[in-house]
Amino acid sequence: MKRKLDFIDQQIITLLQENARMSLKDIASRVYLSSPAASARLDKLEREGYITGFHASINHEMMGYNIKAFITLAVNALLKDEFLDYMNECRNVIECNCITGDYAMLLEVIYPSTEALEEFVAKLQKYGKTQTQIVYSTAVEHRGVMPELEIEKAG
């Protein structure tokens, strides 16, 4: 059973989402704890699964991946396990979600060209019917979840 995060845990999560490279000393000073106390909180948040990792945010276009697309796939149920294995191997798939509706999967992919994207979509055809939307621009980038700050009422 997951525990309810207190205000300090929520602040730590928010700080790390804003800057995962923030030093333990800076985190501790921002939440008004000693470094050992902040470290213990951070370890507990990781152990309990609230924090799953620390990642660099990469500019895909600077890395040569100029095409971002979303692909929906009505995957054949008999091929689902094989499909998921393929998704785990394909580094151009940056997210794969099982969804409701006519299509069973939603993929977010990045490719250097429309030709490379077209080759990938052709390979997906063996798993089922696809529909592809190429992204023109992104109005809101991936962002962290802001913990809902709960303020206990005196009472």
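It should be emphasised that the depicted structure is a prediction, and the values quoted were computed from it without experimental measurement. Nothing fancy with the numbering, it's 1 onward along the sequence.
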Would you be so kind as to tabulate the donor-acceptor pairs closer than 3.5 Å made by side chains of residues 114-126, with sequence neighbours excluded?
residue, atom, partner, partner atom, Å
Glu115, OE1, Ser113, OG, 3.4
Gln125, NE2, Val121, O, 3.4
Gln125, NE2, Thr130, OG1, 2.6
Lys126, NZ, Glu82, OE2, 2.8

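In this structure, Lys80 and Met105 have side chains that are in contact, with non-hydrogen atoms separated by less than 4.5 Å. Under the 4.5 Å side-chain criterion, counting only non-hydrogen atoms from C-beta, Lys68 is not in contact with Val109.
Atoms CD1 and NZ, on Ile12 and Lys44 in that order, are 11.5 Å from each other to the nearest 0.5 Å. Between Ile67 atom CD1 and His60 atom NE2 the span is 13.5 Å, to the nearest 0.5 Å. Note that OH of Tyr103 is 5.0 Å distant from OG1 of Thr72, once rounded to the nearest 0.5 Å. Atom CD1 of Ile27 sits about 8.5 Å away from atom CG of Asn19, to the nearest 0.5 Å. Here the straight-line distance linking atom CZ of Arg30 with atom CD1 of Ile8 works out to 14.0 Å at 0.5 Å rounding. Taking CG of Leu42 as the start and CG of Leu33 as the end, the distance is 11.5 Å to the nearest 0.5 Å.
Other cluster members for Ile58: Met63, Tyr65, Ile94, Ile110, joined by side-chain heavy-atom distances under 4.5 Å among Ile, Leu, Val, Met, Phe, Trp and Tyr.
For Glu18, there are no side chain to side chain donor-acceptor pair (under 3.5 Å) partners at least two apart in sequence or on another chain. Under the side chain to side chain contact (heavy atoms under 4.5 Å, CB included) criterion, Ser29 pairs with no residue at all, not counting sequence neighbours. Scanning for side chain to side chain contact (heavy atoms under 4.5 Å, CB included) contacts around Ala20 gives Phe54, with sequence neighbours left out. Checked against side chain to side chain contact (heavy atoms under 4.5 Å, CB included), Asn59 has the following partners two or more places apart in sequence or in another chain: Glu61, Met62.
No single ILVMFWY cluster, assembled from side-chain heavy atoms under 4.5 Å apart, contains both Leu73 and Phe70. Under the 4.5 Å side-chain heavy-atom criterion for grouping Ile, Leu, Val, Met, Phe, Trp and Tyr, Val31 is connected to Leu45 within one hydrophobic cluster. Cluster annotation: Val93 is not connected to Val135 through the hydrophobic network of ILVMFWY side chains, with a link wherever side-chain heavy atoms come within less than 4.5 Å. Note on Tyr127: it does not cluster hydrophobically with Leu106, by side-chain heavy-atom contacts below 4.5 Å among ILVMFWY residues. Grouping the Ile, Leu, Val, Met, Phe, Trp and Tyr side chains by contacts below 4.5 angstrom, directly or via other members, places Tyr86 with Leu84.
What you find for Ala69 and Thr132 is that their closest heavy atoms are CB-CG2, 4.1 Å. In plain terms, the two heavy atoms of Leu24 and Ser39 that are nearest each other are CD2-CB, 3.5 Å. Heavy atoms only, all atoms of each residue included: Lys25 and Ser35 are closest at CA-OG, 3.9 Å. Residues Leu107 and Cys96 share a closest heavy-atom pair of CD2-SG, 3.4 Å.
Between the side chains of His142 and Glu108, at least one donor-acceptor pair of N or O atoms lies under 3.5 Å. Remark: the Glu95 side chain and the Asn97 side chain contain an N/O donor-acceptor pair separated by less than 3.5 Å.
Between Asp26 and Arg21 there is no salt bridge, since no side-chain N of the basic residue sits under 4.0 Å from a carboxylate O of the acidic one.
The salt bridge (charged side-chain N to carboxylate O under 4.0 Å, His left out) with Glu48 is formed by just one residue from the set Lys4, Lys2, Arg3; it is Arg3.
No more than 12 heavy-atom neighbours from other residues, nucleotides or ligands sit within 6.0 angstrom of CG on Asp102.
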